[in-house]
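Quick note: residue numbers are just sequence positions, from 1.
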Amino acid sequence: QVQLVESGGGLVQAGASLRLSCTASASGRTFSAMGWFRQAPGKEREFVASIKWSDGRTYYADSVKGRFTISGDSAKNTVYLWMNSLKPEDTAVYYCAATRVWRVGVPPLSDFGSWGQGTQVTVSS
C-alpha cells in the first residue's frame, strides 16, 4: 500500500517563509517523480512544483518561480518544498504526489496516482 505524508504547513504573515516535507512509503518499483500541488477554497487543484529522480530536473508553475524551491532524497522517497516571500494568494491546502510513469519533460497531473492527505498553508496580509 502506497502512503504519502506531508507536514510543515501553518499560519504566517505575507513575506514569511515555510518548508513543507513529504515522505512516501512504497514497495517494488520506485517512483519516477514526485511533486507538489495545491487547492485553494472554491478552486481546482493546481500544479506547484515537481522533481524527476532520473536526472534531478525540477519544474515550477509560473506563479511560484523564483520564490519556491523543490528538492529531495530519492533513496528515502522524500521531497521538500521551500516557500519564500509568501503571498496571501498562496493560501491553500498543499498536497504531495508521486508517479511511476516514465516520460520526457514535466509530468502532467494525470500521471500522478498516489496522493497525500494535504497540509494547510495560510498567509495573512
Side-chain angles (χ1 to χ4, degrees):
Q1 186 79 15
V2 176
Q3 296 186 61
L4 286 76
V5 180
E6 308 100 327
S7 64
L11 172 63
V12 299
Q13 295 182 349
S17 299
L18 282 175
R19 189 201 71 170
L20 307 184
S21 63
C22 171
T23 297
S25 63
S27 61
R29 183 183 175 186
T30 58
F31 296 116
S32 60
M34 294 181 68
W36 291 95
F37 296 78
R38 66 187 182 186
Q39 187 167 13
K43 297 191 175 183
E44 298 293 324
R45 188 170 300 183
E46 65 177 356
F47 167 75
V48 176
S50 65
I51 182 169
K52 293 202 296 184
W53 297 131
S54 60
D55 55 14
R57 290 191 175 186
T58 57
Y59 305 90
Y60 298 92
D62 289 340
S63 60
V64 306
K65 285 183 178 179
R67 298 190 298 121
F68 292 10
T69 301
I70 188 171
S71 63
D73 184 339
S74 62
K76 297 182 178 181
N77 288 319
T78 298
V79 66
Y80 305 97
L81 184 68
W82 295 87
M83 306 186 295
N84 299 313
S85 302
L86 283 164
K87 305 175 181 179
E89 51 262 44
D90 293 318
T91 296
V93 176
Y94 283 70
Y95 296 91
C96 177
T99 178
R100 292 189 170 97
V101 175
W102 174 274
R103 70 167 67 247
V104 176
V106 59
L109 185 149
S110 59
D111 279 359
F112 292 88
S114 300
W115 297 83
Q117 81 287 356
T119 184
Q120 177 71 49
V121 172
T122 303
V123 184
S124 62
S125 60

Practice task
Could you tell me whether a side-chain N or O of R67 sits under 3.5 Å from a main-chain N or O of S63, the two making a donor and an acceptor?
Solution key: yes

Practice task
Please tell me if the side chains of L86 and V12 come closer than 4.5 Å, counting only heavy atoms from C-beta onward.
Solution key: yes

Problem - Heavy-atom pair of closest approach, residues S54 and W102 - result: CB-CZ3, 3.5 Å

Handout entry: Student check: side-chain heavy atoms of M34 and K52 closer than 4.5 Å
Key = no

Exercise for the section: Mind checking the CG-OG1 spacing from N77 to T23? Nearest 0.5 Å is all I need. Expected result: 8.0 Å

Exercise for the section: Would you check if the distance from the ring center of F112 to the ring center of F37 is below 6.0 Å? Expected result: yes

Practice task
Would you confirm whether T78, through its side chain, and K76, through its main-chain N or O, come within 3.5 Å as a donor-acceptor pair?
Solution key: yes

Problem - Nearest non-hydrogen partners of D73 and A75, listed with the distance - result: OD1-N, 3.1 Å

Handout entry: Expected output: side-chain R19 to main-chain W82 donor-acceptor under 3.5 Å
Key = no

Practice task
Determine the interplanar angle of the F68 and Y94 rings, folded into 0 to 90°, and report it as parallel if under 30°, tilted if 30 to 60°, perpendicular if over 60°.
Solution key: tilted

Handout entry: K87/D90 ion pair, N-O < 4.0 Å
Key = no

Exercise for the section: Find out whether S125 and Q13 are in side-chain contact, i.e. whether some heavy atom of one side chain is under 4.5 Å from a heavy atom of the other. Expected result: no

Exercise for the section: Would you check if there is a donor-acceptor pair between the side chains of S32 and T99 at a distance under 3.5 Å? Expected result: no

Exercise for the section: To the nearest 0.5 Å, tell me how far W53 CH2 sits from T30 OG1. Expected result: 10.5 Å

Exercise for the section: Tell me, with the steps shown, if W36 and V79 meet side chain to side chain contact (heavy atoms under 4.5 Å, CB included). Expected result: CA-CA 9 Å; W36 291 95; V79 66; 3.8 Å; yes

Handout entry: Single-linkage hydrophobic cluster, 4.5 Å side-chain cutoff, V5 and L18 together
Key = no

Exercise for the section: For N84, check side chain to side chain contact (heavy atoms under 4.5 Å, CB included) against everything at least two apart and list the hits. Expected result: S17

Problem - Residue pair F47 / Y59, side-chain heavy-atom distance below 4.5 Å - result: yes

Practice task
Begin from the C-alpha positions of I51 and R57 and carry the test side chain to side chain contact (heavy atoms under 4.5 Å, CB included) through to its verdict.
Solution key: CA-CA 6 Å; I51 182 169; R57 290 191 175 186; over 6 Å; no

Practice task
Enter the distance from F31:CZ to S114:OG here, rounded to the nearest 0.5 Å.
Solution key: 4.5 Å

Practice task
Tell me, please, whether Y95 has R38 positioned over its six-membered ring: NZ or CZ under 6.0 Å from the ring centre and within 45 degrees of its axis?
Solution key: no

Practice task
May I ask you to test the W115-L4 pair for a side-chain heavy-atom distance under 4.5 Å?
Solution key: no

Handout entry: Heavy-atom side-chain contact between T69 and L81 under 4.5 Å
Key = no

Practice task
Taking the side chain as every heavy atom from C-beta outward, state whether V106 and S50 have any atom pair closer than 4.5 Å.
Solution key: yes

Exercise for the section: Report yes or no: does E6 contribute a side-chain atom to a donor-acceptor pair with the main-chain N or O of G118 at less than 3.5 Å? Expected result: yes

Practice task
Check whether the side chains of T91 and T122 place a donor and an acceptor atom closer than 3.5 Å, and report yes or no.
Solution key: no

